[in-house]
Amino acid sequence: MKNILISGGSRGIGAALVKGLCADGHRVAFLYYHHSEAAEHVAAESGALPICCDVSNPDAVKAAVSVARREFGGKIDAIINNAGVSHIGLSRDISDDDWQNVINTNLSGAMYMTREAQGDMIAKGCGRIINIGSMWGKTGASCEVAYSASKAGLRGLTMALAKELGPSHVTVNCIEPGFIDTEMNKSLDEETRASLVNDTPIGRIGTPLDVLAAVRFFLSDEAGFITGQCLGVDGGFAV
Ligand code: NDP
């Protein structure tokens, strides 16, 4: 049983991670920001602790990590940096606010949570940090320049942290999902969805449970010698 902190647990992939890892017997706390009703629902269903926190705000993240640690009554064993936002549009049109919101949420948020929680894992001499990237961080997505840059940044963060924290037996890995059926993709029209499925060798849309399977693997004792890796959970899209 591990004490696990997950960002972005109110909806989509994060909600599936919260529920799945609670069902596995772990003690789970999760961060959410805008959707308190959804967060309460996930908490009631899973028994996890919801904490309202904007991951792009370093002071808020520091406070939230302290709350999680206190509620666990012990050190954090693993974090999953999952909170993310997307922005679709031409690069020439992106506003400063939109650029900063995507970078600060997807990339800086992961760094803030890692900075605040890593001391627990270093002190224990073991731990797991899992970043949820995206296949677009590997291949680049047209009209998603901030999103692609933020997710490519997570690759660098993962590799650098793996080297820095390896001597403390803290592994750091990145999961790069492909097209997963969540609200993040709700604005895509039918033609775009069909084309994404067509470009996916496995020939279907992914589900949050596909991502949960990879998370379970990186959390396991058996994965203790695997660090600094980016694992595509994308049905072969980015191969
Ligand atoms: P959703 O839009 O369904 O959920 C996003 C989650 O992130 C919500 O729980 C949301 O909380 C939280 N969140 C957003 N901004 C903040 C913030 N500033 N502070 C705290 N929490 C925040 O997205 P998905 O579940 O689809 O995506 C989860 C992760 O997976 C993201 O990092 C995404 O980039 C990545 N991913 C998703 C893919 C897909 O196809 N769906 C593909 C590749 C990667 P709230 O609603 O309460 O604000």
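Below, all heavy atoms of this structure are taken into account, side chains as well, without hydrogens, waters or symmetry copies. Quantities reported herein were computed from a predicted structural model and do not represent experimental measurements. Remember, it's 1-based here, ligands and their atoms both numbered in the order they're listed. When a residue number appears, it is its place in the shown sequence, counting from 1.
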Sub-4.0 Å heavy-atom environment of ligand 1, residues by chain: Gly8, Gly9, Ser10, Arg11, Gly12, Ile13, Tyr32, Tyr33, His34, His35, Cys53, Asp54, Val55, Asn82, Ala83, Gly84, Val85, Thr105, Ile132, Gly133, Ser134, Tyr147, Lys151, Pro177, Gly178, Phe179, Ile180, Thr182, Glu183, Met184, Asn185

Counterpart residues, salt bridge (Lys or Arg N to Asp or Glu O under 4.0 Å), relative to Glu183 (two or more places apart): Arg11

Presence of salt bridge, Asp24 and Lys2, under 4.0 angstrom: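 Between Asp24 and Lys2 there is no salt bridge, as every charged N stays at least 4.0 Å from the carboxylate O atoms.
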
Short side-chain donor-acceptor distance under 3.5 Å, Asp97 and Ser95: no

Residues which pass side chain to side chain contact (heavy atoms under 4.5 Å, CB included) with Asp59, listed by chain and number, not counting sequence neighbours: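 Result, side chain to side chain contact (heavy atoms under 4.5 Å, CB included) vs Asp59: Asn57.
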
Side chain to side chain contact (heavy atoms under 4.5 Å, CB included) involving Pro58 - partner list, sequence neighbours excluded: Tyr112, Arg115

is_close_aromatic(Phe179, Trp136), centroid dist under 6.0 Å: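 Phe179 vs Trp136: aromatic centres not under 6.0 Å.
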
